[in-house]
Amino acid sequence: WQNMTVQQLADSMGKDTDHVFECMLYIKGHNTDKYEEEDSIIDNIEVTKEIVNKTGLRFKFEEQGNKEAEQDMDAYPRPPADPSLLVKRPPVVTIMGHVDHGKTTLLDSLRSSNVVDSEFGGITQHIGAFSVHLPDTNERITFIDTPGHAAFSTMRSRGAHVTDMVVLVVAADDGVMEQTKESIKYCNQAGVPIIVAINKVDKQEADVARAKQDLLVAGVHLEEFGGEIQAVEVSAKTGFNLIALQEAIIAQADILDLKSDVTGPVEAVVLESSTHAGRGKLSTALIQMGTLRKGMYLVAGTAWAKVRGMFTERGDTVQEAPPGDAVEIIGWRELPSAGSQILQVDSENRVKEVIAWRKKQQEKLKSKQDIAEIQKKESEHQ
Ligand code: GTP
Ligand code: MG
């Protein structure tokens, strides 16, 4: 371990040297400037350990459009967090299903059922995610309401799953359709558990038994047929059984035993970004690790923020956002792109270093691609 070169360390981790260099940017309190070349000897054992154990496995950077780099990035295992630091967090839920089966109506009903309880009542702004409190318990659920969204395809292509489970909406008058099957396929591939919401049961034409039969044929093994998947009959329109649906989600969350490290550096994902007249650059972020607070420095791709404030969908200011929460963040100097990973860094200096590094990487990548392009053209000429 001691006195390895950057190259040797990278080799021993099965990663390339760029990974090691980027890791160094996240190491606090060490002067890592002296390890700038591939044959620099890392003579500080603590630096080596930290690269290998902690930050080394945590960092990620985006190289847009570079599939190879994305795959490599996905190969990074997350370090096992200290179990004593893990705290229960709310489940993050996405709604999927066929066109017109009632996804938007269901989200609206869930959202407004929650807003009614609120003393502020009413004015919700769209931030791409909202949180629901179950009556008489402390249980909370975070819903993401952008299933077909660009952020999702970016995250999907990276194999990064922001969602803990999917509520699959199947209209009882229509049964399993093309996009229902696609959603099932996606969940199975991604290993994301499904809860079925059999919707529109208020309709005359509703045929719940047939919908369940369809699901069975599509490989969705419902509890009542000896499988493991819960199905709840609901009406998004009348609000019938929505509490039962939320309870099913909490039951599934308990099985998944969802916990996160609330201490340590913040990691989050950008769900949406926009520029707002008067309020400036905003993004909605889903917090995955750590607790976000005002004043923190964040990097997402080559964009960065010093957090000036955080808001819920109802426009309430929050002082901190733990894992499982989605909040709107203000303070971005540049807009981060949807789907990109947010990492907390120590200081504005670190921000500058990380961004400079990432830009350099992007340029390197681009010149590699340019060279490949020229070589290709030349060989075509001959
Ligand atoms: P896309 O976004 O186009 O894929 O559709 P969606 O899945 O979001 O469906 P949406 O919520 O827009 O609902 C489609 C239609 O079904 C609307 O006219 C809704 O009013 C109606 N609808 C949704 N849920 C129910 C329900 O529980 N009962 C009845 N009767 N109608 C419903
Ligand atoms: Mg819709």
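Whatever order the structure lists ligands and atoms in, that order sets their numbers, starting from 1.
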Any idea which protein heavy atom is nearest [atom], and the distance to it?
{"atom": "atom 24 (N) of ligand 1", "value": "Asn199 ND2, 3.2 Å"}
{"atom": "atom 9 (O) of ligand 1", "value": "Gly102 N, 3.1 Å"}
{"atom": "atom 25 (C) of ligand 1", "value": "Lys200 CG, 3.5 Å"}
{"atom": "atom 31 (N) of ligand 1", "value": "Lys237 CD, 3.6 Å"}
{"atom": "atom 20 (O) of ligand 1", "value": "Thr105 OG1, 4.2 Å"}
{"atom": "atom 4 (O) of ligand 1", "value": "Lys103 NZ, 2.8 Å"}
{"atom": "atom 28 (N) of ligand 1", "value": "Asp202 OD1, 2.7 Å"}

Donor + acceptor pair across side chains of [X], [Y] (<3.5 Å):
{"X": "Ser347", "Y": "Asn349", "value": "no"}
{"X": "Glu272", "Y": "Thr284", "value": "no"}
{"X": "Arg89", "Y": "Ser260", "value": "yes"}
{"X": "His101", "Y": "Asn199", "value": "no"}
{"X": "Asp11", "Y": "Gln7", "value": "yes"}

Ligand 1 and Ala236, any nitrogen or oxygen pair closer than 3.5 angstrom? yes
Ignoring hydrogens and geometry, is there a side-chain-to-backbone donor-acceptor pair from Ser183 to Gln179 under 3.5 Å? yes
Within the supplied structure, the quantity of interest is the number of heavy atoms (other residues, nucleotides, ligands) at a distance under 6.0 Å from Glu182 CD; does it exceed 12? yes
Heavy atoms of other groups near Asp370 CG, more than 12 under 6.0 Å: yes
Glu205 with Lys200: basic N within carboxylate O range, under 4.0 Å: no
Could you check whether Asp254 pairs with Lys88 (Lys NZ or Arg NE/NH1/NH2 to Asp/Glu carboxylate O, under 4.0 Å)? yes
Looking at ligand 1, does His98 have a heavy atom less than 4.0 Å from it? yes
Under 4.0 angstrom from atom 17 (C) of ligand 1, is there any protein heavy atom? no
Under 4.0 Å from any heavy atom of [X], which atoms of ligand 1 are there?
{"X": "Asp100", "result": "1 (P), 3 (O), 4 (O), 5 (O), 6 (P), 7 (O), 9 (O), 14 (C), 16 (O)"}
{"X": "Thr104", "result": "2 (O), 6 (P), 8 (O), 11 (O)"}
{"X": "Lys203", "result": "30 (N)"}
{"X": "Ser235", "result": "26 (C), 27 (O), 28 (N)"}

Would one find an N, O or S atom of Thr104, in either backbone or side chain, under 2.8 Å from the Mg ion (ligand 2)? yes
